[in-house]
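Structure record follows, encoded as structure tokens.
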Amino acid sequence: MNNIKSRFAPSPTGYMHIGNLRTALYSYLIAKSQGGSFMLRIEDTDQNRYVEGAMDVIYRTLKICGLEYDEGPDKDLGNGPYIQSQRKDLYVKYAKKLVELGHAYYCFCSKERLDNLRAELEGKGLPYEYDGCCKKLTPEEIQAKLDAGEPYVIRQIMPREGVSEYEDAVYGHISINNNTLEEQILLKSDGLPTYNFANVIDDHLMGVTHVVRGNEYITSTPKYNLLYEAFGWEAPCYIHLPHITKEGGKKLSKRDGDASFEDFYSKGYLTEAIINYVALLGWSPGGEREIFSLKELEEVFSIKGINNSPAVFDITKFRWMNSEYIKMMKPEDFHAAALPYYEKALTRKVDLVRVSSLLQSRVEVLSEIPDYIDFLENTLEYDVSMYVHKKMKTTVEGSLETLTGLIPVLESITDWQEDIIHQTLMGHVAQLGVKNGVVLWPLRTALSGKMSTPGGATEIAYILGKDETINRVTTAIEFIKSQI
RNA sequence: GCCCUCAUGGUCAAGCGGUCAAGACAUCGCCCUCUCACGGCGGUAACAAGGGUUCGAUUCCCUUUGGGGGUACCA
């Protein structure tokens, strides 16, 4: 293991956004592809956002996805604690040190004063900016306020002139005017740090060399670099990632059920497919291959392949990829995965293994299994016109005749096995001297009431069993008669 | 408003000064076929616009347009 170290530093919001999952994945892959280590840190410095059980979601998701971290809250390698709220004193210490170094100052402005200031400036059509009021305080005044126990924050001092520049691994050269840099709050009045401060302190103290995060931090990165400089620390390598959106540039939303890992997971998307698809959203291996396991991604991943333009999450292609993974499953694994869905949709005792073999090449997402097999449970309602099929050369009247003639044929089958049913039906077709469809289409329709089914007439007849098959054909005959 | 950033088919995406501009999903057609699917074959479809630089721009620069982000005691 070399000295490359990346981290995933989510704040516990209660669910794993798909964009966050990708950030975690890329961070993991950047480290693993270079023999480095991967760390998990929890950024819970905003107490107002505390969500019960949120950390478990993070642990669980990473575990299910196979993104194993070398170091984290439950794996202390000596850099802990890895939960920011437990590192409070550390930030206070460094914030005060920064004041001593002349790169930060105490600010006693109340929330109210700031709100008023903001309202006033906005009223004049000016952009808000802290007016530096507390910067003018003398050391004596500051000490007096401190002694009096006045609440305070600590703000970072920004250069007024010049430009700050840095190299981003995916966006290249970034240059930002210093006069756009705000004298941001480093330490909040509750004694906890802001993200802007905590991430710098922690990344340095924990030895993080590669910072992977969303591109919303591109413009604030110079502020972090200034912090590194002030402390005399080396800044890490920055890898900012473009965002994932949905069609039309809209945000993936929790409400629409397309935002989080668990949304997809619960719908029956396979984790391997989720990882694979998400890996390809914003990164390209360069070749034509698209199917990669996590292990394979670890081999081929490269920062060079990361794209800098935003990507649209295409559910259609995602479904296709999931179906590819379903098709790759061992039949017994697919069957095991499908079983819970059968139990929900089916009470009739049928050859479920056969059903699985029919379904595996058709199902794209596990949760749609009930829609495929609903007709096995009960006959569906349908219109007689379904018996009219141009290509099969069938008509309603013809179907009635066909089905009526089929009853004795079906009854003659004593050993209800698929190949025997098939042979018998084909023999009947040959005897009639018609096209296969003339007999099989009406039969399939009578048995299912659906335009399309997993498997044809033979397979369905086999699955339903002799009694139910004859029963359904009889019912269909009566039905057609009643409609003519 | 100001600042940053992005721009190849409907979507992902290769390309990194000279290509008939890959591939995948989707879509359309054909084949296979007891429906559908799988599989196979083929088709339609793109360099946002305008200026430069250059012998030559999808590729480099500028502007415009459009998208995204930032401008919090949120991350």
Side-chain angles (χ1 to χ4, degrees), chain A residues 9-11 13 43-46 48-49 107 109-111 114 118 125-130 151-155 168 171-172 174-177 179-182 184-190 192-196 198-199 213-222 240 242-243 245-249 251 277 280-291 305 307-321 323 327 358-364 372 389 391-392 422 425-426 429 435-441 443-445 448 450-461:
Chain A
S11 48
T13 58
E43 311 223 327
D44 60 342
T45 55
D46 186 357
N48 299 324
R49 285 208 196 175
C107 170
C109 292
S110 67
K111 191 91 173 63
L114 262 21
R118 185 188 309 274
L126 294 170
Y128 168 77
E129 189 182 11
Y130 178 60
Y152 64 88
V153 302
I154 290 180
R155 287 182 184 270
D168 183 274
Y171 286 92
I174 303 286
S175 167
I176 288 171
N177 287 323
N179 61 19
T180 66
L181 270 25
E182 214 214 338
Q184 62 179 353
I185 289 170
L186 268 16
L187 198 69
K188 301 184 275 188
S189 56
D190 62 3
L192 283 167
T194 56
Y195 165 86
N196 303 312
N199 95 85
R213 54 159 64 131
N215 71 9
E216 66 269 28
Y217 296 106
I218 282 186
T219 45
S220 43
T221 295
H240 286 109
H243 281 131
T245 69
K246 58 180 156 193
E247 197 75 34
K251 283 184 182 167
Y277 181 67
L280 258 27
L281 264 189
W283 171 79
S284 167
E288 291 183 2
R289 179 137 81 113
E290 291 197 301
I291 303 296
N307 209 315
N308 61 359
S309 52
V312 172
F313 190 97
D314 183 2
I315 197 79
T316 305
K317 180 150 188 179
F318 182 32
R319 287 175 64 90
W320 165 79
M321 185 163 282
S323 77
K327 277 176 277 193
L358 253 15
L359 246 28
Q360 193 165 2
S361 70
R362 288 167 238 258
V363 168
E364 288 193 310
Y372 276 104
H389 195 293
K391 202 176 155 204
M392 296 298 123
H422 184 65
L425 287 174
M426 294 319 278
V429 164
K435 289 190 62 168
N436 295 347
V438 173
V439 171
L440 299 170
W441 176 265
L443 178 57
R444 212 196 101 266
T445 303
S448 68
K450 294 183 90 170
M451 286 302 287
S452 74
T453 49
T458 307
E459 290 85 350
I460 294 171

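Sequence lines set the chain letters: A, B, ... in the order given, protein chains first and strands last, and positions in each chain run from 1.
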### Query
Atom CG of A/Leu358 to atom P of B/A37: distance rounded to whole Å?
14 Å
## Note on the structure
Rounded to the nearest 0.5 angstrom, the NZ-OG1 distance for A/Lys188 and A/Thr194 is 7.0 Å
### Message
Just the rounded figure in Å: distance from P of B/A75 to OH of A/Tyr195.
### Response
10 Å
### Task
Quick one: label A/Phe318 by what it contacts on the DNA or RNA (base, sugar-phosphate, nothing), any heavy atom closer than 4.0 Å.
nothing
### Message
Using atom C1' in both nucleotides, what's the gap between B/C61 and B/G42 to the nearest angstrom?
### Response
42 Å
### Query
Does A/Lys251 make a side-chain N or O approach to OP1 or OP2 of B/G69 shorter than 4.0 Å?
yes
### Query
Distance from A/Leu440 atom CG to A/Met426 atom CE, nearest 0.5 Å?
6.0 Å
### Message
Categorize A/Glu247 for me: base, sugar-phosphate, or nothing, with a 4.0 angstrom heavy-atom threshold over every strand shown.
### Response
sugar-phosphate
### Message
Within the 4.0 Å heavy-atom criterion, would you say A/Met392 contacts the bases, only the backbone, or no part of the nucleic acid?
### Response
sugar-phosphate
### Task
Provide the Watson-Crick or G-U wobble partner of B/A22, both distances under 3.5 Å; none if there is no partner.
none
### Task
Measure from CG on A/Asn436 to P on B/U35 and round the result to the nearest Å.
8 Å
#### Entry: B/U58 and B/G43, which share atom name C1', separated by this distance in whole Å
24 Å
### Task
Using Watson-Crick or G-U wobble geometry with both distances below 3.5 Å, tell me the partner of B/C36, or none.
none
### Task
Identify which nucleotide among B/G39, B/A22, B/A26 has an atom closest to any side-chain atom of A/Lys327, counting heavy atoms from C-beta outward.
B/G39
### Query
Is A/Lys317 side chain donor-acceptor paired with the B/A26 base, going by distance under 3.5 Å alone?
no
## Note on the structure
Re B/U27: Watson-Crick or G-U wobble partner, both distances kept under 3.5 Å, found to be B/G43
#### Entry: Rounded P spacing from B/C60 to B/C16 in Å
11 Å
### Query
Does A/Phe313 or A/Gly456 map to a spot on RNA chain B nearer the 5' end, using the closest nucleotide for each?
A/Phe313
### Distance between P atoms of B/C55 and B/A46 (Å, rounded)
31 Å
### Query
Side chain of A/Arg362, base of B/C38: donor and acceptor closer than 3.5 Å?
no
### Query
So which one's nearest nucleotide on RNA chain B is more toward 5', A/Glu43 or A/Tyr171?
A/Tyr171
### Message
Looking at A/Asp46 and A/Arg49, is any side-chain nitrogen of the basic one under 4.0 Å from a carboxylate oxygen of the acidic one?
### Response
yes
### Message
If I take atom CZ in residue A/Arg319 and atom C1' in nucleotide B/A26, what distance separates them, rounded to the nearest angstrom?
### Response
13 Å
### Task
Report which part of the nucleic acid A/Ser220 touches: base, sugar-phosphate, or nothing (heavy-atom distance under 4.0 Å, all strands).
nothing
### Task
Test side chain to side chain contact (heavy atoms under 4.5 Å, CB included) on A/Leu280 and A/Lys317 and set out the steps.
CA-CA 11 Å; A/Leu280 258 27; A/Lys317 180 150 188 179; over 6 Å; no
### Message
Any base atoms under 4.0 Å from A/Asp46, or only sugar-phosphate, or nothing? Heavy atoms, all strands.
### Response
sugar-phosphate
### Task
Pick the P atom in B/U63 and in B/C2, then give their distance to the nearest Å.
14 Å
### Task
Grab the CD-P distance between A/Glu216 and B/G69 for me, whole Å please.
9 Å
### Query
Between A/Thr45 and B/A75, does any side-chain N or O lie under 4.0 Å from OP1 or OP2?
yes
### Task
Using only side-chain N and O atoms of A/Asn308, determine if any of them is under 4.0 Å from OP1 or OP2 of B/C6.
yes
### Query
If the P atom of B/U8 is compared with that of B/A48, how far apart are they to the nearest Å?
6 Å
### Task
Select base, sugar-phosphate, or nothing to describe what A/Thr458 touches, counting heavy atoms under 4.0 Å on all strands.
base
### Query
Within 45 degrees of the axis of the six-membered ring of A/Tyr372 and under 6.0 Å from its centre: does A/Arg362 put its NZ or CZ there?
no
### Task
Figure out the OH/C1' separation between A/Tyr277 and B/U11, and round it to whole Å.
7 Å
### Query
What is the nucleic acid contact for A/Thr13, judged by heavy atoms within less than 4.0 Å: base, sugar-phosphate only, or nothing?
nothing
### Message
Can you tell me which nucleotide in B/A24, B/A22, B/C73 comes closest to the side chain of A/Ile185?
### Response
B/C73
### Query
Under 4.0 angstrom, heavy atoms only, what part of the nucleic acid is A/Arg118 near: base, sugar-phosphate, or nothing?
sugar-phosphate
### Task
Go ahead and name the base partner of B/U71; Watson-Crick or wobble counts if both distances stay under 3.5 Å, otherwise write none.
B/G1
### Query
P atom, B/G9 versus B/C34: distance in rounded Å?
42 Å
### Query
Are more than 12 heavy atoms from other residues, nucleotides or ligands located less than 6.0 Å from atom NZ of A/Lys327?
yes
### Task
Decide yes or no, distance alone: a donor-acceptor N/O pair under 3.5 angstrom between the base of B/A72 and the side-chain of A/Tyr128.
no
### Query
So what does A/His422 hit on the nucleic acid, given a heavy-atom distance under 4.0 Å: a base, only sugar-phosphate, or nothing?
base
### Under 3.5 Å on both distances, the Watson-Crick or G-U partner of B/A7
B/U65
### Query
Is any side-chain nitrogen or oxygen of A/Lys450 closer than 4.0 Å to OP1 or OP2 of B/A37?
no
### For atom CD1 of A/Ile218 and atom P of B/G69, their distance in whole Å
13 Å
#### Entry: Donor-acceptor pair under 3.5 Å, A/Thr180 side chain vs B/U71 base
no
### Proximal nucleotide (of B/A75, B/U33, B/U35) relative to the A/Thr194 side chain
B/A75
List every contact pair, protein side and nucleotides 13-15 of chain B side both N or O, where the distance is under 3.5 Å.
from: B/A13; atom 1: OP1; to: A/Gly282; atom 2: N; distance (Å): 3.0
from: B/A14; atom 1: OP2; to: A/Asn307; atom 2: ND2; distance (Å): 3.2

### Task
Give the C-alpha distance, both sets of side-chain angles, the deciding distance and a yes or no for side chain to side chain contact (heavy atoms under 4.5 Å, CB included) between A/Arg213 and A/Asn199.
CA-CA 11 Å; A/Arg213 54 159 64 131; A/Asn199 95 85; 3.2 Å; yes
### Task
Walk me through it: do A/Val312 and A/Thr245 pass the test side chain to side chain contact (heavy atoms under 4.5 Å, CB included)?
CA-CA 5 Å; A/Val312 172; A/Thr245 69; 3.8 Å; yes
#### Entry: Pairwise P distance, B/A22 and B/U44 [rounded to whole Å]
12 Å
### Query
For A/Asn215 and B/G70, what is the distance between atoms CG and C1' respectively, to the nearest whole Å?
10 Å
### Task
Give the intermediate values and the outcome of side chain to side chain contact (heavy atoms under 4.5 Å, CB included) for residues A/His243 and A/Lys251.
CA-CA 9 Å; A/His243 281 131; A/Lys251 283 184 182 167; over 6 Å; no
### Query
Do any side-chain nitrogens or oxygens of A/Lys188 fall under 4.0 Å of OP1 or OP2 in B/C74?
yes
### Task
Identify the heavy atoms of A/Pro242 and A/Asn215 that sit nearest to each other, and give their distance.
CA-ND2, 3.5 Å
### Query
Nearest 0.5 Å, what's the CG-CG distance between A/Asn308 and A/Asp168?
9.0 Å
